[in-house]
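Since the model is a prediction, treat every value here as computed from it, not as a measurement. Indexing begins at 1, ligand by ligand and atom by atom, following the structure's order.
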Amino acid sequence: MSTEPFKNVYLLPQTNQLLGLYTIIRDKNTTRPDFIFYSDRIIRLLVEEGLNHLPVTPKTVATHTGEDFTGVSFVGRICGVSIVRAGESMEQGLRDCCRSVRIGKILIQRDEETALPKLFYEKLPEDISDRYVFLLDPMLATGGSAIMATDVLIKRGVKPERIYFLNLICSKEGIDRYHAAHPDVKIVTGVLDKGLNEQKYLVPGLGDFGDRYYCI
Ligand code: PRP
Ligand code: URA
Ligand code: MG
């Protein structure tokens, strides 16, 4: 569903199942194996929701009963782009749904003191400008990293309306800032948190996603 009053923001249905998954990954006492397992479940839901918004065209197939069935098939091709490091956690969920999908990488790190993003590296599929792009990063806090990554994609010729930014937790401040820069990108998110703390971490949030998924 598209959330009011945000245009181009698609929030996963806020079911008890989803709430249960977030309760586990937000819990500071959750172990790393559980954090990975339950984050992966949310990531899968985000990928499936992103796929729901791709354009389709009618398609008729012959069934084994001798009757035809008219459904749809996807138009166009997609690729993933992860914002390294935390965004790489979302690659497998995309691969599980889209076999042998191409995946590019953009390495952006937030400065720990200033929370400002810095771009270190990009490696993207050659034909990315012809594709729909699933931009992957679990956290949308100030929006700085996502804006910088999207600038890279647009410089490479990707049309903003073909970008779907998938994230697990976002803030209103992050959405507003991101959409002020890139209004036509669709944001697919699992939950909207109440805000940011002094260190520019999402609250209640879950801490540093990359550290919890890969390190601690
Ligand atoms: C985190 C997160 C986003 C960014 C979000 O990455 O994965 O990329 O911060 O914050 P922002 O919206 O304020 O820019 P971080 O720089 O901590 O690196 P990591 O992926 O190595 O953890
Ligand atoms: N990056 C994270 O991992 N968590 C936050 O809350 C903000 C940025
Ligand atoms: Mg990052």
Check: A141 N/O within less than 3.5 Å of ligand 1 N/O: yes
Under 4.0 Å, heavy-atom basis, I'd like to know which part of T142 is in contact with ligand 1: side chain, backbone, both or neither. both
D68 versus T60, side-chain donor and acceptor atoms under 3.5 Å: no
Backbone or side chain, does any N or O of G87 fall under 3.5 Å from an N or O of ligand 1? no
If you compare G210, G207, G144 by their heavy atoms, the one closest to atom 4 (N) of ligand 2 turns out to be G207
Atoms of ligand 2, numbered as shown, that sit under 4.0 Å from any heavy atom of A141: 7 (C)
Step-by-step side chain to side chain contact (heavy atoms under 4.5 Å, CB included) determination, F134 to L54: CA-CA 11 Å; F134 278 16; L54 288 174; 4.3 Å; yes
R110 heavy atoms, cut-off 4.0 Å: which ligand 2 atoms fall inside? 7 (C), 8 (C)
Report yes or no: does R212 have a heavy atom closer than 4.0 Å to ligand 2? no
Rounded to the nearest 0.5 Å, how far apart are CD of E48 and CG of L94? 10.5 Å
Between the side chains of Q17 and R41, does any donor sit under 3.5 Å from an acceptor? yes
Would you kindly confirm whether Y214 and I42 end up in one hydrophobic cluster when ILVMFWY residues are joined by side chain heavy atoms under 4.5 Å apart? yes
Would you check whether K200 reaches within less than 4.0 Å of ligand 1, judged by its heavy atoms? no
Quick note on ligand 1: atoms under 4.0 Å from a heavy atom of D137 include exactly 2 (C), 3 (C), 7 (O), 8 (O)
Answer yes or no: is there a donor N or O on one side and an acceptor on the other, between the side chain of R26 and the main chain of G205, under 3.5 Å? yes
Under 4.0 angstrom from ligand 1, any heavy atom of G143? yes
What protein heavy atom is closest to atom 6 (O) of ligand 2, reported as residue, atom name and distance in Å? L202 N, 2.8 Å
Would F209 and F35 count as a close aromatic pair, with their ring centres under 6.0 Å? yes
Measure from the ring center of Y10 to the ring center of H53 and say whether it is less than 6.0 Å. yes
At what distance is the nearest protein heavy atom to atom 3 (O) of ligand 2, and which residue and atom is it? F209 N, 2.8 Å
Could you tell me whether some N/O pair between D211 and ligand 1 is separated by less than 3.5 angstrom? no
Which ligand 2 atoms, with their elements, are less than 4.0 angstrom from a heavy-atom of M139? 2 (C), 3 (O), 4 (N), 5 (C), 6 (O)
Side-chain donor or acceptor of R162 paired with backbone N/O of Y132 under 3.5 Å: no
For atom 5 (C) of ligand 2, closest protein heavy-atom neighbour: Y201 CD2, 3.3 Å
Going by the atom numbers of ligand 1, which of them fall below 4.0 Å from some non-hydrogen atom of D208? 17 (O), 22 (O)
With H182, the side-chain hydrogen bond (donor to acceptor under 3.5 Å, both in side chains) member among D151, N8, T150: D151
Ignoring angles and geometry beyond distance, decide whether R110 reaches within less than 3.5 Å of ligand 1 through its nitrogen or oxygen atoms. yes
Could you walk me through whether E49 and L12 pass side chain to side chain contact (heavy atoms under 4.5 Å, CB included), step by step? CA-CA 7 Å; E49 180 63 19; L12 291 180; 3.6 Å; yes
